[in-house]
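The structure under discussion appears below in the form of structure tokens.
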Amino acid sequence: MWVVKHFFYLVLLVQFSPYVVAQTTQQAKPELQITLPVRQVKLQKYLSELLHVSLYELGYNLTLTMTPNPLYKRESRLLHSGKITMIMRLATPQRDATFHKIAVPLTQGLIGKRLLLIHQRNQPRFDTVASLDALRDSKLVGVFAPGWYDVQIWQANHLPYVEIASDHTTILRMLTDGNRGFDYFSRGLNEIDDYTLGNGLIIEPHLVLSYPLDFHFYLHPDNKAHISILTRALEQARDSGLQAQLLRKHFGYLQQRHRLSQRRVISLTLPPAPAQSVPLPLPSH
């Protein structure tokens, strides 16, 4: 767990807002506390800057506590109980019906560009894949944690997968060991560099799986104060160009590093939206 106080961001804020110096001489800004589970280091840095700067420009000093991601079901229980302020997840119909979604996509589609962590011994099997049909025919198996929406996407595209309730380190060790019933671990373009390669573990160099989804913040629907403040702050960050600037700063190198334009794109369709999504029961906030 780590906590970032607003004063670490004074230099950054001066860069983004010409009025910061004048504002610091005025009355103290109200404090806002947020607890957010995010595992990936690069996402932590990007989201921390996005939240600190956008909330400061809206008139708030932020104390942000970031914790490692628990498994999704536990994360949802923590949000239900009010022990965390919000979660960051792919937008899905059930989440939209259960929680309050801040309707500002957080990565401008980067998370939907999926690269594959594989063991190099399996590279020849991936070399033959040039289409969705070929990926199905290859019988290559993906791995996901329980509760991930990717499971429904893989089902909708008739792709084989397994679900394993383990942390990412364990999943990667199993992938390296082999003979565990799966062949690749799909990660977003903005996540892939957080993983340590070696012992045969590589980023598959020729494919990118793509689906039109993005991360959003979700809050308990009773948390009206945070919902109102965050909605205004993130909409302003999107409309002013701040969000795009921070995305370029933190992730702008990725398309070139991973040769995205040279990869074979396999587009995945999303599951059909249900006629009515049934929300999970929510205890009071």
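Please read these numbers as outputs of a predicted model, since none were measured by experiment.
- Distance CZ/R263 to CG/L189: 8.5 Å, rounded to 0.5 Å.
- Between W154 and Y184, the ring planes lie tilted relative to each other; the angle falls in the 30° to 60° range.
- Atom NZ of K101 has more than 12 heavy atoms from other residues, nucleotides or ligands within 6.0 Å.
- D127 CG: more than 12 foreign heavy atoms inside a 6.0 Å radius.
- Nearest heavy-atom pair across V129 and S138 is CG2-CB, 4.1 Å.
- Counting non-hydrogen atoms of neighbouring residues, nucleotides and ligands closer than 6.0 angstrom, the CD atom of E163 exceeds 12 such neighbours.
- In this structure, a donor-acceptor pair under 3.5 Å is present between the side chains of N157 and T269.
- Inspection of the R114 and S186 side chains reveals an N or O donor paired with an N or O acceptor under 3.5 Å.
- Ring to ring, H100 and F217 are not that close: their centroids are 6.0 angstrom or more apart.
- Sparse packing is recorded around CD of Q255, with 12 or fewer heavy atoms of other residues, nucleotides or ligands lying under 6.0 Å away.
- With 3.5 Å as the limit, one finds no donor-acceptor pair spanning the side chains of Y149 and Q94.
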Go through the steps to decide whether L117 and L172 satisfy the test side-chain contact (heavy atoms from CB on, under 4.5 Å), and finish with yes or no. CA-CA 8 Å; L117 292 167; L172 293 181; 3.8 Å; yes

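- Classified by interplanar angle (parallel below 30°, tilted 30° to 60°, perpendicular above 60°), the ring pair H168/Y195 is parallel.
- If you check the side chains of D193 and H258, you find a donor sitting under 3.5 Å from an acceptor.
- Annotation: the span from L50 atom CG to H250 atom NE2 amounts to 9.0 Å, rounded to 0.5 Å.
- Residue Q243 forms a side-chain contact (heavy atoms from CB on, under 4.5 Å) with just one option from Q108, Q236, E235, R248, and that option is Q108.
- Taking NE2 of H226 as the start and OG1 of T85 as the end, the distance is 4.5 Å to the nearest 0.5 Å.
- Seen from the ring of Y56, K29 counts as a face-on cation partner, given the 6.0 Å and 45° thresholds.
- Taking CG of L32 as the reference point, atom CG of N61 lies at 9.5 Å (rounded to 0.5 Å).
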Which is it for F99 and H80 under the ring pair (Phe, Tyr, Trp, His ring centres under 6.0 Å) test, yes or no, and what are the steps along the way? CA-CA 9 Å; F99 307 116; H80 289 172; 5.4 Å; yes

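- Closest approach of A233 and L55 over heavy atoms only: CB-CD2, 3.7 Å.
- For the atom pair CG of L36 and CG of L51, the computed distance is 7.0 Å after rounding to the nearest 0.5 Å.
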Derivation of the salt bridge (Lys or Arg N to Asp or Glu O under 4.0 Å) call for E191 and R39: CA-CA 10 Å; E191 301 172 317; R39 192 195 66 82; over 6 Å; no

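- In this structure, I229 CD1 and L234 CG are separated by 11.5 Å, a value rounded to the nearest 0.5 Å.
- Heavy-atom neighbours of R74 CZ from other residues, nucleotides or ligands within 6.0 Å: at or below the threshold of 12.
- The cationic atom of R180 (NZ for Lys, CZ for Arg) does not lie both less than 6.0 Å from the six-membered ring centre of F182 and within 45° of the ring axis.
- When K139, R125, R121 are each tested for a salt bridge (Lys or Arg N to Asp or Glu O under 4.0 Å) with D183, only one passes: R125.
- When all heavy atoms are compared, the tightest approach of V141 to G181 is CG1-O, 3.3 Å.
- Between the side chains of Y218 and D96, at least one donor-acceptor pair of N or O atoms lies under 3.5 Å.
- Scanning both residues, H119 and T176, for their nearest heavy atoms gives CD2-O, 3.6 Å.
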Dump the intermediate steps for side-chain contact (heavy atoms from CB on, under 4.5 Å) on M86 and I34, then the final yes or no. CA-CA 8 Å; M86 58 190 183; I34 290 177; 3.7 Å; yes

